[in-house]
Structures are given as structure tokens and as C-alpha cells.
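This report refers to the structure that appears directly beneath it.
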Amino acid sequence: MAVALVVAAGRGERLGSSGPKAFATLAGRPMLEWSLEALRSIPAVERVVVALPEGAERPRGTVAVRGGATRSQSVRAALAAAGPGEPDDVVIVHDAARPLAEASLFERCLAELGDADAVVAAAPVTDTIKETGVDRVVERTLDRSRLWAVQTPQVFRRAALEQALSQPDEVLDAATDDAGLVEAQGGTVLIVPAPATNLKITTPVDLELAELLLRVRRAVR
């Protein structure tokens with residue numbers, strides 16, 4: 001069995017939302033509800049904890065906790081709110097800003113965990129990536145065949161995630177994803193290829209694209 005932590009405390013300035021990003025309307029419902037719908041359909045998920053901004057209403061069937069100042073602090077608060085567990089327990093971490101993640105992607109990440117410390121959904125990099133100095137002069141071109149753009153969901157052994165999140169706030173504040181914290185401590189992190197539709201909602205254009213993709217998904221079904 002697994003507990004799922006959903007990070008939904010973002011403010012959404014770039015989205016132009018009048019309230020928290022996770023509660024922006026997407027295809028007729030709050031964006032957060034799309035992720036919760038997927039998680040509720042997975043038999044292995046026994047509890048969902050949502051890290052919310054102050055004043056936000058707790059979604060049905062979840063445990064709610066106030067989010068932290070940064071993403072990783074929100075994950076730490078959500079993990080604490082999930083209650084005690086065993087070191088080998090499974091923890092899913094997902095961003096509400098990726099509302100198009102389907103139950104099948106969560107289940108593939110759960111299935112791949114095995115003996116690893118973490119599994120992350122990711123997409124292969126298709127653009128040419130160049131590294132520059134502060135002066136923007138190109139120093140080298142990276143081999144994109146070895147590069148992946150990391151997404152969520154991310155699945156962890158509880159002990160590995162707890163250890164990673166036990167670091168000082170300044171370490172968490174600099175982190176861009178929780179799997180990176182596990183990796184930096186020597187943990188084994190595996191990649192699960194994610195579909196191109198698992199996009200992150202950041203701007204109004206992203207929201208429009210997500211609306212279109214959901215309409216296509218409904219039509220196919």
C-alpha cells in the first residue's frame with residue numbers, strides 16, 4: 001500500500017490566477033481535482049495528503065496540511081501529516097500542477113520501484129541543450145541521448161524520502177525536486193518514461209493546451 005502526497009500550495013502568479021494555482025479551473029473543475037481523481041482510482045493508494053495554501057478548503061477524502069515556503073518544505077509537511085510508517089513503506093509525491101497524469105502512469109511508477117530508493121516519471125529531452133557561462137557564451141553541447149526532463153509522479157521508499165527531507169531548510173530551498181535530494185545522498189533513482197501529455201501548468205497557454213488535451217482524452221474514451 002502507498003500514501004500519496006500532493007503539492008498544491010503554489011500561488012500561480014505566472015498563470016495569472018486570482019487564487020492558488022491548484023484551484024484554477026481546468027475543464028470545469030479545480031485543477032487539483034484531476035490529480036485526486038487519478039489517485040482515488042488506484043487500489044494501492046490508501047491515503048492522500050494535500051499540501052495547501054493557507055485558507056484553502058480541504059478536498060473531499062484527503063488529509064490537508066498547510067504548505068511550506070518552498071516545494072520541498074511542503075512535501076516534508078505532508079509526509080509528517082501522513083502519520084508514522086515503516087522504512088519500506090511507499091510514498092508517492094505529485095505536483096497538482098501536472099493534472100494530466102493518468103492512473104496508469106502512477107501505477108507504472110509504483111511497479112518499477114523494486115529495490116530502488118526512488119522512481120521518477122520523466123520525458124526524454126528532444127531539444128539540443130547547450131551549457132553556457134554567466135556571459136552566455138556556449139561552453140559545451142550536452143549529449144541529449146542521456147538527458148531526461150524530470151516530472152512527477154515520483155515514488156519513494158519512505159526511509160529514503162524522510163532522510164532526504166530531514167536536511168536543513170536551506171538545502172531543501174535549493175532543491176528542484178525531491179528525487180534530486182535522494183540522489184545527492186547516494187540513493188538509487190530510476191526513470192519511468194512519461195507521455196508528452198504529462199505537462200506542467202505554468203502559464204495561461206499551458207492551461208489552454210491542457211483543456212484541449214482533456215477534450216481529446218474524453219472524445220477517445
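What you see is a predicted model; the values in this text were computed from it and never measured. Any value given below was found using the heavy atoms of this structure, including those in side chains, with hydrogens, waters and symmetry copies removed.
- In this structure the side chain of D135 never reaches within 4.5 angstrom of the side chain of T132, judged on heavy atoms.
- Remark: S35 OG to L26 CG distance equals 9.5 Å, nearest 0.5 Å.
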Checklist entry - Stepwise, does the side-chain contact (heavy atoms from CB on, under 4.5 Å) test hold for L147 with I129? => result CA-CA 9 Å; L147 300 179; I129 304 296; 4.1 Å; yes

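- In plain terms, the two heavy atoms of L199 and P99 that are nearest each other are O-CD, 4.3 Å.
- A salt bridge does not link K130 with E139: none of the charged nitrogens is closer than 4.0 Å to a carboxylate oxygen.
- More than 12 heavy atoms of other shown residues, nucleotides or ligands fall within 6.0 angstrom of atom CZ in R108.
- Residues V150 and A122 approach most closely at CA-CB, 3.9 Å, considering heavy atoms.
- Closest approach of S41 to A38, counting heavy atoms only: OG-O, 2.7 Å.
- No continuous path of ILVMFWY side-chain contacts below 4.5 Å connects L190 to F156, so the two sit in separate hydrophobic clusters.
- The environment of E46 atom CD is dense: over 12 non-hydrogen atoms of other residues, nucleotides or ligands sit within 6.0 angstrom.
- Between P124 and R146, every side-chain heavy-atom pair lies at or beyond the 4.5 Å cut-off.
- Residues W34 and L214 have side chains in contact (heavy-atom distance under 4.5 Å, counting atoms from C-beta outward).
- A salt bridge is absent between D95 and K21; no separation between the charged side-chain nitrogens and carboxylate oxygens falls under 4.0 Å.
- The two residues A64 and L52 come nearest to each other via the heavy atoms CB-CD1, 3.8 Å.
- For A116 against T188, the heavy-atom pair with the smallest separation is CB-O, 3.8 Å.
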Item to check | L172/L165 under side-chain contact (heavy atoms from CB on, under 4.5 Å): CA gap, chis, key distance, verdict | outcome: CA-CA 7 Å; L172 300 190; L165 295 174; 4.3 Å; yes

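- Clustering ILVMFWY residues whenever any of their side-chain heavy atoms sit less than 4.5 angstrom apart, transitively, puts V49 in a cluster other than the one holding I92.
- For the pair N198 (side chain) and P195 (backbone), a donor-acceptor distance under 3.5 Å is absent.
- Partners of R58 under the salt bridge (charged side-chain N to carboxylate O under 4.0 Å, His left out) rule, at least two apart in sequence or in another chain, do not exist in this structure.
- E112 places none of its side-chain heavy atoms less than 4.5 Å from the side chain of I191.
- Within a 6.0 Å sphere centred on CG of D115, other residues, nucleotides and ligands contribute 12 heavy atoms or fewer.
- Residues V93 and R71 have side chains in contact (heavy-atom distance under 4.5 Å, counting atoms from C-beta outward).
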Item to check | Stepwise side-chain contact (heavy atoms from CB on, under 4.5 Å) test for R158 and V90 | outcome: CA-CA 6 Å; R158 180 165 184 145; V90 178; over 6 Å; no

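- Atom CG in L100 sits 10.0 Å away from atom CD in E211 (nearest 0.5 Å).
- Summarising the geometry, atom CD belonging to Q185 is positioned 6.5 Å from atom OG belonging to S166; distances are rounded to the nearest 0.5 Å.
- When the side chains of ILVMFWY residues are joined at heavy-atom separations under 4.5 Å, either directly or via intervening members, V3 and V7 end up in a single hydrophobic cluster.
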Checklist entry - So D89 and M1, side-chain contact (heavy atoms from CB on, under 4.5 Å) or not? Walk me through it. => result CA-CA 7 Å; D89 286 351; M1 303 300 285; over 6 Å; no

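- The closest side-chain heavy-atom distance from H94 to L5 is not below 4.5 Å.
- K200 NZ to R98 CZ: the interatomic distance, rounded to the nearest 0.5 Å, is 6.0 Å.
- When hydrophobic clusters are built by joining Ile, Leu, Val, Met, Phe, Trp and Tyr residues whose side-chain heavy atoms come closer than 4.5 Å, directly or via intermediates, V6 is grouped together with F23.
- D206 and T202 get closest at one heavy-atom pair: OD2-N, 2.9 Å.
- Taken from CD1 in I201 to CD in E208, the straight-line distance is 10.5 Å, to the nearest 0.5 Å.
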Next on the checklist: If you apply the rule side chain to side chain donor-acceptor pair (under 3.5 Å), what do you find for S72 with D173, and how did you get there?
Outcome noted: CA-CA 7 Å; S72 289; D173 293 350; over 6 Å; no

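- In this structure, the side chains of L207 and M31 come closer than 4.5 Å at one or more pairs of heavy atoms.
- When side chains are defined from C-beta on, L79 counts as touching V91, because their heavy atoms get closer than 4.5 Å.
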Item to check | From CA spacing to verdict: side chain to side chain donor-acceptor pair (under 3.5 Å), Q154, D177 | outcome: CA-CA 9 Å; Q154 300 185 358; D177 79 312; 3.0 Å; yes

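- Taken from CG in D117 to CG in L161, the straight-line distance is 10.5 Å, to the nearest 0.5 Å.
- A salt bridge links E33 with R40; the closest basic N to acidic carboxylate O contact falls under 4.0 Å.
- Under the 4.5 Å side-chain heavy-atom criterion for ILVMFWY residues, a single connected hydrophobic cluster contains both L105 and L113.
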